[in-house]
**Student:** 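This is the structure I have questions about; it appears just below.
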Amino acid sequence: MVCLGNICRSPLAEGILAHKCKSLPVEVDSAGTAAYHVGNAPDPRSQYIASINNIEIQNQKARALESNDLEEFDAIYVMDKSNYKNTLKLAVSNEQRSKVHLILNMSDPGSNKDVPDPYYGGDDGFKLVFDLLNEACEIIKNQLESELNV
Ligand code: 4NP
């Protein structure tokens with residue numbers, strides 16, 4: 001799960017997908033395309049919307065996306081088109097490029113919609129982000145279950 005700062009959207013995406021995939025043999029992680037907030041916990045507004053949905057993200061720590069992530073992970077879900085462009089800059093092969101997806105294309109195929117950046121807005125923005133990510137992560141979980149035959 002990739003966003004810009006790895007403190008608002010992608011920590012929520014990581015927490016939501018990890019929660020849905022508790023019983024599956026998958027590793028879920030998140031990172032930011034920028035390093036401004038490296039080492040920081042998720043934004044308190046993300047922590048709050050997660051916690052009222054029984055998801056704990058307070059122990060996450062922001063990190064910057066690395067080129068090795070494109071090798072190590074099977075799928076990279078990015079929150080918006082700017083993240084997409086910056087993530088692709090790290091890819092060194094078509095195989096790596098093909099792993100990168102706009103996350104909202106999972107729930108709304110071909111729409112190329114962005115998960116809006118909630119950082120400078122109010123609490124409503126975080127609720128919207130949660131709902132969008134919850135819908136997309138449900139589809140990712142279903143896809144993983146069918147790929148893993150469980
Ligand atoms: P995120 O949100 O990419 O969802 O973690 C942001 C966090 C911090 C900043 C921008 C977006 N910032 O400019 O510091």
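Hydrogens, waters and symmetry mates play no part in the numbers below; they use all other heavy atoms, side chains included. All ligand and atom numbering here is 1-based and tracks the order in the structure. We number each residue from 1, following the sequence as shown.
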**Student:** Ignoring hydrogens and angles, tell me if any N or O in the side chain of S46 forms a donor-acceptor pair with the backbone of P42 under 3.5 Å.
**Tutor:** no

**Student:** How does Y120 reach ligand 1, by side chain, by backbone, by both or by neither, if only non-hydrogen atoms under 4.0 Å count?
**Tutor:** side chain

**Student:** Does any N/O atom on S10 come nearer than 3.5 Å to any N/O atom on ligand 1?
**Tutor:**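 No, there is no polar N/O contact under 3.5 Å.
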
**Student:** Show which atoms of ligand 1 fall inside a sub-4.0 Å distance from at least one heavy-atom site of G5.
**Tutor:** 1 (P), 3 (O), 5 (O)

**Student:** Using a 4.0 Å heavy-atom cut-off, say whether I7 meets ligand 1 through its side chain, its backbone, both or neither.
**Tutor:**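 Contact part for I7 vs ligand 1: both backbone and side chain.
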
**Student:** Taking the side chain from R63 and the backbone from G32, do they hold a donor-acceptor pair closer than 3.5 Å?
**Tutor:** no

**Student:** Quick one: which ligand 1 atoms are inside 4.0 Å of a heavy atom on L4?
**Tutor:** 3 (O), 10 (C), 11 (C)

**Student:** What residue and heavy atom of the protein are closest to atom 12 (N) of ligand 1, and at what distance?
**Tutor:** Y119 CE2, 3.6 Å

**Student:** Do me a favour and list the nearest non-hydrogen protein atom to atom 11 (C) of ligand 1 with residue, atom name and distance?
**Tutor:** D117 OD2, 3.1 Å

**Student:** Quick one: NZ on K113 to CG on D108, what's the gap to the nearest 0.5 Å?
**Tutor:**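 The CG atom of D108 is 4.0 Å from NZ of K113, to the nearest 0.5 Å.
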
**Student:** Decide whether V28 and I7 are clustered together by the hydrophobic rule: side chain heavy atoms of Ile, Leu, Val, Met, Phe, Trp, Tyr closer than 4.5 Å, transitively.
**Tutor:** no

**Student:** Applying a 4.0 Å heavy-atom criterion (strictly less than), which segment of M79 is in contact with ligand 1: side chain, backbone, both, or neither?
**Tutor:**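 The answer is neither.
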
**Student:** Is a donor on one side and an acceptor on the other found under 3.5 Å between the side chain of N86 and the backbone of T33?
**Tutor:**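 Absent.
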
**Student:** Could you check atom 14 (O) of ligand 1 against the protein and tell me its nearest heavy-atom contact, residue, atom and distance included?
**Tutor:**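 Scanning the protein heavy atoms, the shortest distance from atom 14 (O) of ligand 1 goes to H37 NE2, 2.8 Å.
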
**Student:** Report the part of D43 (side chain from C-beta onward, or backbone N, CA, C, O) that has a heavy atom under 4.0 Å from ligand 1; answer both or neither where that applies.
**Tutor:**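 Neither; nothing of D43 gets under 4.0 Å from ligand 1.
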
**Student:** Could you verify whether a donor N or O on one side chain and an acceptor N or O on the other, from N83 and T87, lie under 3.5 Å apart?
**Tutor:** no

**Student:** Show which atoms of ligand 1 fall inside a sub-4.0 Å distance from at least one heavy-atom site of C8.
**Tutor:** 1 (P), 2 (O), 4 (O), 5 (O)

**Student:** First locate atom NZ of K99, then atom CG of L88, and finally report the distance between them rounded to the nearest 0.5 Å.
**Tutor:** 13.0 Å

**Student:** Side-chain donor-acceptor pair under 3.5 Å between N134 and K20, yes or no?
**Tutor:** yes

**Student:** How far is atom 1 (P) of ligand 1 from the closest protein heavy atom, and which atom is that?
**Tutor:**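 Checked against all protein heavy atoms, atom 1 (P) of ligand 1 sits closest to C3 SG, 3.5 Å.
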
